[in-house]
Amino acid sequence: MDVNWTGGCFCGALRYRVTEEPRLKAQCHCRACTHISGGGPNYFMVIPPDSFAWEAGEAAEFSRPDSARAVWRAFCPTCGTHILSRRRGLQGVVLKVGTLDRPEVFEGASIAIFCEEALPWLTVPEGVTAFDTLPES
Ligand SMILES: [Zn+2]
Ligand SMILES: [Zn+2]
């Protein structure tokens, strides 16, 4: 289904548009996401690659060279807001839902991943399927 969702970074330099429904809505509890989220899970949706477009600004990118499962993280070079990640082998853009102008379109995750790394006080909501690591498909 087509959508018309906009979003951007905290300072407004980066702007983007999403034009198709996400393929997956999830939350990640891995150590890297915990670091970047500030302590909670990272809530994200996987957007088909052709339905995400930057409309303003130029994102900086970073990938940790010392981690085999490191992803490319795109963020605002001015305010530091992390907008999205790309992972080798994944056809899609992993978009952080908090950067949407209307984050409520997310409507909650359907799965939780890397729960074996979740902080002890975090609980996965009822109805959300929890995986220890990354599910195969
Ligand atoms: Zn910014
Ligand atoms: Zn993660």
Side-chain angles (χ1 to χ4, degrees):
M1 203 182 87
D2 287 354
V3 298
N4 187 17
W5 296 341
T6 53
C9 66
F10 189 60
C11 79
L14 291 183
R15 296 291 300 162
Y16 65 79
R17 188 177 302 271
V18 173
T19 51
E20 240 181 277
E21 282 272 348
R23 289 198 185 128
L24 176 71
K25 299 176 183 183
Q27 59 193 66
C28 183
H29 293 265
C30 84
R31 183 65 186 95
C33 283
T34 300
H35 203 140
I36 280 162
S37 74
N42 173 18
Y43 297 98
F44 67 91
M45 35 198 200
V46 180
I47 305 293
D50 295 341
S51 52
F52 177 90
W54 294 109
E55 297 203 317
E58 192 156 338
E61 290 204 347
F62 178 76
S63 181
R64 259 177 69 159
D66 59 337
S67 166
R69 73 171 199 227
V71 297
W72 284 97
R73 296 181 189 271
F75 57 94
C76 174
T78 302
C79 71
T81 306
H82 176 206
I83 305 271
L84 61 84
S85 307
R86 294 175 201 273
R87 185 158 53 79
R88 258 179 281 280
L90 179 74
Q91 288 289 355
V93 168
V94 179
L95 182 69
K96 289 185 80 172
V97 305
T99 66
L100 286 159
D101 291 336
R102 294 179 56 243
E104 59 270 26
V105 300
F106 180 59
E107 295 176 330
S110 53
I111 65 168
I113 61 174
F114 288 108
C115 291
E116 67 181 13
E117 295 176 33
L119 293 172
W121 61 84
L122 289 175
T123 53
V124 173
E126 210 175 311
V128 177
T129 310
F131 294 90
D132 282 349
T133 56
L134 189 65
E136 279 299 315
S137 51

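Just so it is clear, the values below take in all heavy atoms, side chains as well, and ignore hydrogens, waters and symmetry mates.
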**Report entry** Residue pairs, two or more places apart or on separate chains, that pass side-chain hydrogen bond (donor to acceptor under 3.5 Å, both in side chains) and touch residues 11-20
**Finding:** Asn4-Arg17, Arg15-Asp101, Tyr16-Thr99, Arg17-Glu55
Query raised in the report: With Ala13, which residues qualify under side-chain contact (heavy atoms from CB on, under 4.5 Å), at least two apart?
Result: Cys9, Cys11, Cys76
Requested in this report: Tell me, please, which residues at least two apart from Glu116 pass salt bridge (Lys or Arg N to Asp or Glu O under 4.0 Å).
Outcome: none
Query raised in the report: So if you build clusters from Ile, Leu, Val, Met, Phe, Trp, Tyr with side-chain heavy-atom gaps below 4.5 Å, do Trp54 and Leu100 land together?
Result: yes
Quiz: residues 117-125 side-chain donor-acceptor pairs under 3.5 angstrom, not counting sequence neighbours:
from: Glu117; atom 1: OE1; to: Arg31; atom 2: N; distance (Å): 2.8
from: Glu117; atom 1: OE1; to: Arg69; atom 2: NH2; distance (Å): 3.2
from: Glu117; atom 1: OE2; to: Arg69; atom 2: NH1; distance (Å): 3.3
from: Glu117; atom 1: OE2; to: Arg69; atom 2: NH2; distance (Å): 3.1

Report summary line: For Gly57 and Leu14 the tightest heavy-atom approach is C-CD2, 3.6 Å
**Report entry** Minimum heavy-atom distance Ser37-Pro41, with the two atoms named
**Finding:** CB-O, 3.8 Å
**Report entry** Leu84 CG to Trp72 CH2 distance, which is reported to the nearest 0.5 Å
**Finding:** 13.0 Å
Query - Shortest non-hydrogen contact from Pro103 toward Gly98 - result: CG-O, 4.3 Å
Report summary line: Residue set satisfying side-chain contact (heavy atoms from CB on, under 4.5 Å) with Arg102, at least two apart, ordered chain then number -> Glu104, Val105
Query raised in the report: Other than Phe114, which residues form its hydrophobic cluster under the rule that side-chain heavy atoms must be closer than 4.5 Å?
Result: Leu24, Phe44, Val46, Leu90, Val94, Ile111, Ile113, Phe131, Leu134
Query raised in the report: What closest approach, in Å, do Ala74 and His82 show between heavy atoms, and which atom pair accounts for it?
Result: O-CD2, 3.2 Å
Query raised in the report: Counting only heavy atoms not in Arg64, do more than 12 sit closer than 6.0 Å to its CZ atom?
Result: no
Report summary line: Between the CZ atom in Arg86 and the OG atom in Ser63, the distance rounded to the nearest 0.5 Å is 12.5 Å
Query raised in the report: About how many Å separate CZ of Phe52 and CH2 of Trp5, when rounded to the nearest 0.5 Å?
Result: 13.0 Å
Query raised in the report: Same hydrophobic cluster for Phe62 and Leu95, using side-chain heavy-atom links shorter than 4.5 Å among ILVMFWY?
Result: no
Report task. In plain terms, say whether Arg73 and Glu61 are close enough for a salt bridge, that is, a side-chain N and a carboxylate O under 4.0 Å apart. Result -> no
Query - Donor-acceptor pair, side chain of Ser51 and main chain of Val18, under 3.5 angstrom - result: no
Report task. Group every Ile, Leu, Val, Met, Phe, Trp and Tyr by side-chain heavy-atom contacts under 4.5 Å, then state whether Val71 and Ile47 land in the same group. Result -> no
Query raised in the report: Has the side chain of Lys25 got a donor or acceptor atom that lies under 3.5 Å from a matching backbone atom of Met45?
Result: no
Query raised in the report: Going from NZ on Lys96 to OG1 on Thr81, what distance comes out if it is rounded to the nearest 0.5 angstrom?
Result: 8.5 Å
